[in-house]
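Taking it in order: structure first as structure tokens, then the write-up.
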Amino acid sequence: MAAVSDGAPAPVGRDEGFFVRGAAAMALVIVAGFSVQLAMGRSSFSAPPLVHAHAIVFMGWVAIYLLQNVFAATGQAALHRRLGWIAAAWVVPMLILGFAVTLAIVRRGGVPFFFLPQQFLIFDPVSLLTFAGLTIAAILMRRQTDWHRRLHFCAMSILLGPGFGRLLPMPLLAPWAWEATLVVCLIFPLAGMWFDKRRSGRAHPAWSWGVAAMIGSLLVTEAITYSPVGDAIYRAAVAGSPGAAVAPLAFPAPPGPPAAG
């Protein structure tokens, strides 16, 4: 394993098993979250094509991430490298579709009632940009395997929000639903820190950078949401749409009981 960039030796021992198990657990969170909503009738396959494209691309990333960890653990370096370059290009449509779906939800006035519409408009793109930044850093440090896999792990962790958000009792977490979801996502990199310390006596510095990026995304989101910049972004985003009639910094009304049949 390559030495880390600050000159300290990488933790001794093999850690492929941890990353495969972690990738499988993260995939399970995503699949379970969306499956529960589908089983409860809160999601359906009648969503617009944009939503389907978004789902396919993001679930594709989950599959890519899991496969990459399996390839690394089983010594299939050639497959890992080839899929890695596909993964690097895959981030672009993830960003485009992620931004587009967020904008579409806000413009139609469909933000979930436990999120502030303006906060929703900001935190989704900020989270995606944080994911992209950590992913790019991991790619740039691909020859330093210890940094590479930990930064990718943190990047994947920040994508777990939609999965956890469909498993947690989000209405009960308001007005801190989004913040609580991000805190739960931190469980994965914190588990990585614990794994390193238990095995080698110290947590790899990559974990600190990843956790700092995730917490930084929260702070940036809060700073923009409650600022004139956030107000201007929201007004521009919803101009000429039903979302313009929605108060940006007030929680939408929860859905009423189903109509009697």
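Atom set for the values below is all heavy atoms of this structure, side chains included, hydrogens, waters and symmetry mates excluded.
A continuous path of hydrophobic side-chain contacts links Leu173 to Val184 [ILVMFWY only; heavy atoms under 4.5 Å]. Hydrophobic clustering, with ILVMFWY side chains joined whenever heavy atoms are under 4.5 angstrom apart, keeps Tyr65 apart from Leu140. Leu129 is not connected to Val92 by any chain of hydrophobic side-chain contacts under 4.5 Å among Ile, Leu, Val, Met, Phe, Trp and Tyr, and they are in different clusters. A single hydrophobic cluster is seen to contain both Phe115 and Phe34, as judged by linkage of ILVMFWY side chains at heavy-atom distances under 4.5 Å, directly or through other members. Phe131 and Ile187 fall within the same hydrophobic cluster, where Ile, Leu, Val, Met, Phe, Trp and Tyr residues are linked whenever their side-chain heavy atoms come under 4.5 Å apart, directly or through other members.
Closest of all the heavy-atom pairs between Leu121 and Ala237 is CD2-CB, 3.8 Å. Met214 and Pro189 get closest at one heavy-atom pair: SD-CG, 4.0 Å. Nearest heavy-atom pair, Phe113 versus Pro252, reported as atom, atom and distance to 0.1 Å: CB-O, 3.4 Å. Annotation for Phe188 and Ser157: closest pair CB-OG, 3.4 Å, computed over non-hydrogen atoms. The shortest non-hydrogen separation linking Leu67 to Leu83 is CB-CD2, 3.9 Å. Taking all atoms of both residues into account, the shortest heavy-atom contact from Pro112 to Phe120 is CD-CE1, 4.2 Å.
Looking at His80, its side chain does come within 3.5 Å of a backbone N or O of Gln68 through a donor-acceptor pair. Between the Gln118 side chain and the Thr225 main chain, a donor and an acceptor come within less than 3.5 Å of each other. The closest donor-acceptor contact from the side chain of Arg107 to the backbone of Ala239 lies under 3.5 Å. Under a 3.5 Å cut-off, the side chain of Ser227 and the backbone N or O of Ile224 do form a donor-acceptor pair.
Checked options Leu219, Val220, Leu218; the residue passing with Glu222 is Leu218 (criterion: side-chain contact (heavy atoms from CB on, under 4.5 Å)).
In this structure, the side chains of Met193 and Ser208 come closer than 4.5 Å at one or more pairs of heavy atoms. In this structure, Tyr234 and Val106 have side chains that are in contact, with non-hydrogen atoms separated by less than 4.5 Å. Val62 is listed as a side-chain neighbour of Met156, based on a closest heavy-atom distance under 4.5 Å. The shortest side-chain heavy-atom distance between Arg150 and Trp209 does not fall under the 4.5 Å cut-off. For the pair Thr102/Pro125, a side-chain contact is recorded, criterion being any heavy-atom separation below 4.5 Å from C-beta on. Inter-residue side-chain proximity for His152 and Thr135 is flagged as met; some heavy-atom pair is nearer than 4.5 Å. Between Leu128 and Leu159 there is a side-chain heavy-atom pair separated by less than 4.5 Å. In this structure, the side chains of Leu182 and Ser217 come closer than 4.5 Å at one or more pairs of heavy atoms.
Between Phe19 and Trp207, the angle of the ring planes stays under 30°, which puts this pair in the parallel group of the 30/60° scheme. Under the 30°/60° scheme for interplanar angles, the aromatic rings of Trp178 and Phe123 are found to lie parallel.
Note that CZ of Arg81 is 10.5 Å distant from CZ of Arg142, once rounded to the nearest 0.5 Å. Phe99 CZ to His54 NE2: the interatomic distance, rounded to the nearest 0.5 Å, is 11.0 Å. Rounding to the nearest 0.5 Å places OG1 of Thr181 at 8.0 Å from CZ of Phe114. Rounded to the nearest 0.5 Å, atoms OG1 (Thr74) and CG (Asn69) are 10.5 Å apart. Note that CD1 of Ile56 and CG of Leu97 are 9.5 Å apart. Values are rounded to the nearest 0.5 Å. Between Trp90 atom CH2 and Leu95 atom CG the span is 13.5 Å, to the nearest 0.5 Å.
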* Test side chain to side chain contact (heavy atoms under 4.5 Å, CB included) applied to Val91 and Trp61, step by step -> CA-CA 8 Å; Val91 173; Trp61 178 266; 3.9 Å; yes
* Worked verdict on Val183 versus Trp176 for side chain to side chain contact (heavy atoms under 4.5 Å, CB included) -> CA-CA 11 Å; Val183 168; Trp176 307 106; over 6 Å; no
* Asked: So Phe153 and Phe195, ring-ring contact (aromatic ring centres under 6.0 Å, His included) or not? Walk me through it.
  -> CA-CA 13 Å; Phe153 193 93; Phe195 173 80; 9.7 Å; no
